[in-house]
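Counting starts at 1 for both ligands and their atoms, in listed order.
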Amino acid sequence: MAVRTSSVVAWLTLALAIFDPTCHAGAVSPRDDVPAGYVAAPYYPAPHGGWTASWSNSYAKAQALVAQMTLAEKTNITGGVGIYMGSLTFHYRPCVGNTGSAYRVGFPQLCLQDSALGVASTDNVTAFPAGITTGATFDKALMYARGVALGEEFRGKGANVYLGPTVGPIGRKPLGGRNWEGFGSDPVLQAVAAAQTIKGVQEQGVIATIKHLIGNEQEMYRMYNPFQPGYSANIGDRTLHEVYLWPFAEGVHAGVGSVMTAYNAVNGSACSQHSTLINELLKDELGFQGFVMSDWLSHISGVDSALAGLDMDMPGDTQIPLLGFSLWKYDLTRSVLNGSVPLDRLNDMTTRIVAAWYQLGQDKNYPPPNFSSNTHDRDGLLYPAAVISPIGQVNWYVNVQADHYKVARQVAQDAITLLKNNGSLLPLTTSKSIKVFGTDAQVNPAGANACGNRACNTGTLGMGWGSGVADYPYFDDPITAIKKRASDVTLYATDNFPTVPTPNADDVAIVFISSDAGENSFTVEGNHGDRDSAKLAAWHNGDTLVQKAAAKYSNVIVVVHTVGPLLLEPWIDLPSVKAVLFAHLPGQEAGESLANILFGDASPSGHLPYSITKAETDLPDSVSKLKGFAFGQVQDTYSEGLYIDYRYLNKNKIKPRFAFGHGLSYTTFNFTSPSITQKTALSLAPPTRPAKGTTPTYSTAIPPASEAVAPAGFATIFRYLYSWLSSGDAAAAYAIGSAGTKKYAYPAGYSETQKPGPAAGGAEGGNAALWDVAWELKLTVKNAGTTYKGKASTQAYVQFPAGIPYDTPIVQLRDFAKTAELAPGATETVTLQLTRKDVSVWDVELQNWVVPIVGGRYTIWIGEASDKLFTACYTDTLTCETGLASPV
Ligand code: NOJ
């Protein structure tokens, strides 16, 4: 029976395009040179999980279960059964990733499913606003509420693992393809949004996956293939800690159950087999207790990746999928039998996976999957990737949407960022004559889901493209919502300015423009994931459309649906362009959310999760440019260090057009009565960490070969990945292992003695004292307007004391809060907190977080944007001042 899914064909095409029978061997060795100073030092062994109190019960249960598993059962749950493979065992497993099972002892296959913004490739779900939109709300409660709703939907569909949130890319490169999946170009904004998402999702019993560890800041050249390694993101230790690892630390602190590695390399070593990243930083320093999975088809070594700390291979295949080959599964079984991979490592891998399952309560009444990622038909191939597959029911059409459109709409609405509103053109009255321009105003005429993986930019842009998408159950488009409110509305659904009647002086033109981006697996209008072709200009000649509308009408509103920053210079200062709204990527709720803002049912309260510069060259080449083709490994060196986005602009005194955090309202707010109290006295370094708790122990004797062999008569499916060896192979491997004759070429620095863990560690996320609240700030926020209600964003930025021996950005976001909707004259007391970590720097010599001057003056700037900070509180005198000039 033929394989029917088009996605399978796509993968096959990719596979054939890069086919090389030498497979993994040539791809990684020898390493290419990286610039001096960027080091991937070996760190072994992989730290055991189970030593924190927060996971000890789950590890005790996991130990009891894993102790009953055979060797092949253990290796079975550490790897996927193959891309596009389901399973008949107990239930269909039709997800983007499906592990093997150990059903004999009660451990099921796990269903791992995209995406970060909704359950992918299925029906009856909510297509939530993207991460970048969520970041633009600057609202912790909404971030959490979206997480709860996402968790309910993943659980309702029977997905065990939510493949989100995305915090890497962080948004270092404005042209980067997947920045929109994450929350904005700042470590704290990413960290807080990720932690809130994880909390919301995991409270529903779903395992969240923070991804991609780390440095996946551009899409092109990200993947290893037999001809070229993925690019190397060369990141210094301090930059890694203070910028890129920060959101992961916060995610681990929030208890995240799994982590996905990135496609690329860091400092010359591939992330999926990077002992520094996984063993040292993630598992030892950040005390991560869950399991680490590879990104799809990025698994390029068998033994090395196991030793480097990888716990799960997804989707199980080698880099060339659909051939029935794996670097783990049966080969991991072999590697344990012949002694190359210590059984101790496999036991830890298995225990981490089982412990995460217990930690999230999935041993009790967790529903099995009731959908197929491969077809919307009721019946379909049970093993789509097999050559011959039985057919059965694969979709049960379970509706998991509940009333989640409400939170989706609220996020979309509260993210809308008013950049400019000259002459208070907004909000509009419904009696205005409104002309709407641009194809982005209405849903794709072919249907909201007409393009697979949303790999086209046709109609209103609600999300980017690639694996980070979900199907729209419906699409509430802007034009429909606008027409519901106002009676005199004309749509010109074209991106070329049409011939129009001579306007009246107070006619309003709303021009919709967009900019799209996505994953490198698809090219859209010449953009290879990254915006390499469109750059920072609006797509479809949007800038010309605005200019022409502005030449004709004197009241122009520009609505922008975008994955990230655009250059607005071609039209931002035109006198007729009175108002600009960034609606980001709203998901299914694009219409009402926007209409509520346009017509004043709510004031805009979104703030920019990145800066908008006046020119691409306002940022250094290392971030403004994408890395192009190079022979050998492409080197992406983070020479700008800590200085991305507003940090770079401030340091270099470059005024952006609109700064990070900027966002206007229809009303105004004032911030009064600031106060600061010290909560914890600080020391140079955090107090000594506690010793690790005990971890499960098992017999480390090489198991008998019989544990590696399939039960007699077991009927296998072609290309399905199993963890069994033939009895001959098992016996041969066992003979080598039991004789101790195998001499694997272990990496430099290889050891099997568990380490006590670094000083900076000690709990989930790092030394627990890093989260001690050092100072608490309170202030009164008042809606100082008389007409409109509105929500205020309060942002707190730290300025380190002058003269410290660490070069530090002038201001850095450390906390933020959003008020409830305040009526004119109403007030709210807002609380902001700074932890020990917030006033520390990563000292590369001490290998610890250090408060540069204990008792020094840390200035906490408070305001509405990174360049509107008029209030300051001082940590030395515990006093505050208002009415100051902003430090940047
Ligand atoms: C590749 C993407 O990078 C990752 O984010 C996604 O979860 C997997 N594919 C699975 O689709």
Original post:
Do Trp396 and Phe371 make the cut of ring centroids closer than 6.0 angstrom?
Top reply: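 Centroid distance Trp396-Phe371: not below 6.0 Å, so no.
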**OP:** Taking the six-membered ring for Trp and the full ring for Phe, Tyr or His, determine whether the centres of Tyr638 and Tyr244 are under 6.0 Å apart.
**Re:**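 Yes - the distance between ring centres of Tyr638 and Tyr244 falls below the 6.0 Å cut-off.
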Original post:
Side-chain donor-acceptor pair under 3.5 Å between Asn216 and Tyr231, yes or no?
Top reply: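 On atom types as modelled, these side chains qualify, holding a pair under 3.5 Å.
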**OP:** Give the ring-plane orientation class for Tyr720 versus Tyr722, where under 30° counts as parallel, over 60° as perpendicular and anything between as tilted.
**Re:**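 Because their plane-to-plane angle lies in the 30° to 60° range, the rings of Tyr720 and Tyr722 count as tilted.
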Original post:
Out of Ser301, Ser298, Ser294, which residue meets the side chain to side chain donor-acceptor pair (under 3.5 Å) rule with Gln273?
Top reply: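 Testing Gln273 for a side chain to side chain donor-acceptor pair (under 3.5 Å) against Ser301, Ser298, Ser294 leaves exactly one candidate, Ser301.
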Subject >> Asn160 and its side chain to side chain donor-acceptor pair (under 3.5 Å) partner, picked from Gln362, Gln109, Gln113, Arg155 >> reply: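 The single option meeting the side chain to side chain donor-acceptor pair (under 3.5 Å) with Asn160 is Gln362.
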For ligand 1, which of its N or O atoms have a protein N or O partner closer than 3.5 Å, and how long is each gap?
from: ligand 1; atom 1: 3 (O); to: Arg178; atom 2: NH1; distance (Å): 2.6
from: ligand 1; atom 1: 3 (O); to: His212; atom 2: NE2; distance (Å): 3.3
from: ligand 1; atom 1: 3 (O); to: Asp295; atom 2: OD1; distance (Å): 3.4
from: ligand 1; atom 1: 3 (O); to: Asp295; atom 2: OD2; distance (Å): 2.6
from: ligand 1; atom 1: 3 (O); to: Glu519; atom 2: OE2; distance (Å): 3.4
from: ligand 1; atom 1: 5 (O); to: Arg178; atom 2: NH2; distance (Å): 2.8
from: ligand 1; atom 1: 5 (O); to: Lys211; atom 2: NZ; distance (Å): 2.9
from: ligand 1; atom 1: 5 (O); to: His212; atom 2: NE2; distance (Å): 2.6
from: ligand 1; atom 1: 7 (O); to: Asp114; atom 2: OD1; distance (Å): 2.7
from: ligand 1; atom 1: 7 (O); to: Lys211; atom 2: NZ; distance (Å): 3.1
from: ligand 1; atom 1: 9 (N); to: Asp295; atom 2: OD1; distance (Å): 3.4
from: ligand 1; atom 1: 11 (O); to: Asp114; atom 2: OD2; distance (Å): 2.4

